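Quantities reported herein were computed from a predicted structural model and do not represent experimental measurements.
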Amino acid sequence: MGLSKPHKVGNGVSVRWASLFCIASFFLGVLVVNSFWGVPDPDKIDEEASPLEKDQPRRVLPPIVNCEKKEVTDGVGDILSQVSQTHDVIMALDKTISTLEVQLATARASKSGNYEGSPVVIRPGKEPLKERQKLFFVMGIMTAFSSRKRRESIRETWMPQGDELKRLEAEKGIIMRFVIGHSATPGGLLDRAIDVEDEKHKDFFRLNHIEGYHELSSKTQTYFTAAVSKWDADFYIKVDDDVHINLGMVGSTLASHRSKPRTYIGCMKSGPVLANKGVKYHEPEYWKFGEEGNKYFRHATGQIYAISKDLATYISVHRHILHKYANEDVSLGSWFIGLDVEHIDERSLCCGSSTECEWKAQAGNPCAASFDWSCSGICKSVERMEEVHERCGEGDEAIWHTSF
């Protein structure tokens, strides 16, 4: 994204913390000096003076009036109180610096020259560049080279095509793209097949990433980094290509959380950490999660989830030091641990595609997303996507009549 790394001082300590340490040291030094470097008592000065000094004419000092005599313990308590206040000031400064860093990173991401729609940048003697359109959400549909039939099943059901896709962006501020990287041999047969497909449909978002099942965490990270650089949206969604989506319901769901900062929306779960090799979703770093039989921290299931712009920016800024676990959804959840993030458990994003989504649609409350837990997506999605769409869909015109 072109972000510069923070300068380092000493043994890898960032400038921010060095500055804060200096501020803290200064305040603490002032407190100590003020508390223990008081005005000396004239009588004690006289007693401690040397014989030579006693023979000299004594300078008369003005009387010192002790208006309020405090106990030593009171002085220590006052110091601790002021130190606590200084700590609060430092923490407030740190929070302000963090906020400015995110804002700066967002601005730099927006100015990336590798994408269309840069923000306004005025230079002497040059015309200002085009300002990026403010969007509602970006939906990235994760796909693979071998998933052409899955993509076709989505295009034939819930994903608008051609002019309707452009209209969706212009009128609703919604971007939808199939997300894919490149093969291990760029420019090979697989990449050329995607080029042909993209030329026809204009609905791909290509990443600088080598495709591979065991690289999903890296692909997800690359997707959010590239998406927040290219588009200025309130939310960024990741969804698998074997999930059924009702766009109007997804929009309504996200709109209810639009005013909240740092939101992480999905079907939250906490599954077991699988230590045994050879099983699906094996966790090679199982020992990091405590004793055998422990569960993961709460995180959104990987079929679909959404994050707000500031979290996507956070991923982009810190992408080089964010650890990637074997499972992509676990990786994303781990990146937000320790941050002031609101986890929103939205069950309309994980309805069952067999019966649940159907009776909810009949009741006038369609699900936002549907799939089968047993298959981690719609079982046999290529064959069943149209059938699920007919039973569980909100109606093809719903998105155009939904106000966000």
Side-chain angles (χ1 to χ4, degrees), residues 12 14 17 94 98 102 140 142 144 179 181 207 209-225 227-228 235-240 242-243 257 260-308 310-352 369 371-377:
S14 66
W17 290 111
D94 182 46
S98 297
V102 171
M142 297 294 168
V179 180
L207 302 178
H209 165 81
I210 299 177
E211 285 292 320
Y213 179 77
H214 297 292
E215 298 296 331
L216 293 180
S217 292
S218 177
K219 182 175 181 178
T220 300
Q221 186 185 85
T222 303
Y223 159 63
F224 283 123
T225 298
V228 79
F235 296 98
Y236 298 83
I237 301 173
K238 176 264 178 184
V239 60
D240 291 340
D242 54 357
V243 174
H257 304 294
K260 302 174 184 177
R262 299 178 303 280
T263 50
Y264 174 32
I265 307 169
C267 290
M268 299 296 164
K269 65 175 185 178
S270 180
V273 179
L274 303 178
N276 297 328
K277 293 183 178 180
V279 299
K280 192 176 182 180
Y281 307 127
H282 165 62
E283 179 55 72
E285 298 179 89
Y286 61 89
W287 60 273
K288 289 185 177 181
F289 298 92
E291 302 300 325
E292 185 176 350
N294 279 0
K295 292 186 175 182
Y296 287 113
F297 40 79
R298 192 71 62 179
H299 62 280
T301 187
Q303 287 84 353
I304 178 173
Y305 48 74
I307 61 175
S308 54
D310 37 14
L311 293 185
T313 302
Y314 173 83
I315 292 173
S316 177
V317 172
H318 301 284
R319 63 190 182 279
H320 299 298
I321 58 172
L322 293 177
H323 184 70
K324 292 180 276 293
Y325 289 98
N327 299 304
E328 155 258 328
D329 52 352
V330 172
S331 294
L332 186 82
S334 73
W335 298 338
F336 301 147
I337 289 180
L339 303 184
D340 187 13
V341 173
E342 182 174 357
H343 291 58
I344 299 172
D345 185 21
E346 182 52 69
R347 307 314 291 184
S348 70
L349 290 173
C350 54
C351 293
F371 57 87
D372 300 306
W373 286 102
S374 60
C375 297
S376 298

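Two residues are said to be in side-chain contact when any heavy atoms from C-beta on lie closer than 4.5 Å; F371 and D242 fail this criterion. Put simply, the side chain of H209 reaches to within 4.5 Å of the side chain of S218, judged on heavy atoms. Taking 4.5 Å as the limit, some side-chain heavy atom of Y296 sits within range of a side-chain heavy atom of N327. Looking at I315 and V228, their side chains never come closer than 4.5 Å, going by heavy atoms from C-beta outward. Within the 4.5 Å cutoff, side-chain heavy atoms of F235 are placed close to those of T263.
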Pair V330-Y281, side chain to side chain contact (heavy atoms under 4.5 Å, CB included): steps then yes or no: CA-CA 10 Å; V330 172; Y281 307 127; over 6 Å; no

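The closest donor-acceptor contact from the side chain of K238 to the backbone of M142 lies at 3.5 Å or more, if one exists at all. Remark: side-chain polar atoms of S217 are paired, donor with acceptor, to backbone N or O of Y325 under 3.5 angstrom. Without hydrogens or angle criteria, K219 side chain to V179 main chain gives a donor-acceptor distance under 3.5 Å.
In terms of heavy atoms, S348 sits closest to C351 at O-SG, 4.0 Å. Nearest heavy atoms, P261 versus S308: C-OG, 4.4 Å. The nearest pair of heavy atoms linking L322 to Q221 is CB-NE2, 3.7 Å. The nearest pair of heavy atoms linking S376 to D240 is O-OD2, 4.5 Å. The heavy-atom pair separating Y305 from L332 by the smallest distance is CE1-CD2, 3.3 Å.
Within the structure, side-chain hydrogen bond (donor to acceptor under 3.5 Å, both in side chains) pairs that include any residue of residues 264-280 comprise K269-D329 (at least two apart or interchain).
Between atom CZ of residue F297 and atom NE2 of residue H343 there is a gap of 8.5 Å, rounded to the nearest 0.5 Å. With rounding to the nearest 0.5 Å, the separation of CH2 in W335 from CG in L311 is 12.0 Å. Rounded to the nearest 0.5 Å, atoms NZ (K260) and CD1 (I265) are 7.5 Å apart.
Legend: residues meeting side chain to side chain contact (heavy atoms under 4.5 Å, CB included) with L339, ordered by chain and number and at least two apart, are Y314, F336, V341.
H282 and Y286 have tilted rings, their planes meeting at an angle from 30° to 60° on a 0 to 90° scale.
Ionic pairing of E215 and K324 is not present here: no N-O contact between side-chain nitrogen and carboxylate oxygen is shorter than 4.0 angstrom.
Looking at H257 and E342, their side chains never bring a donor and an acceptor atom within 3.5 Å of each other. No side-chain donor-acceptor contact under 3.5 Å links S374 and D372.
In this structure, F289 has its ring center no closer than 6.0 Å to that of W287.
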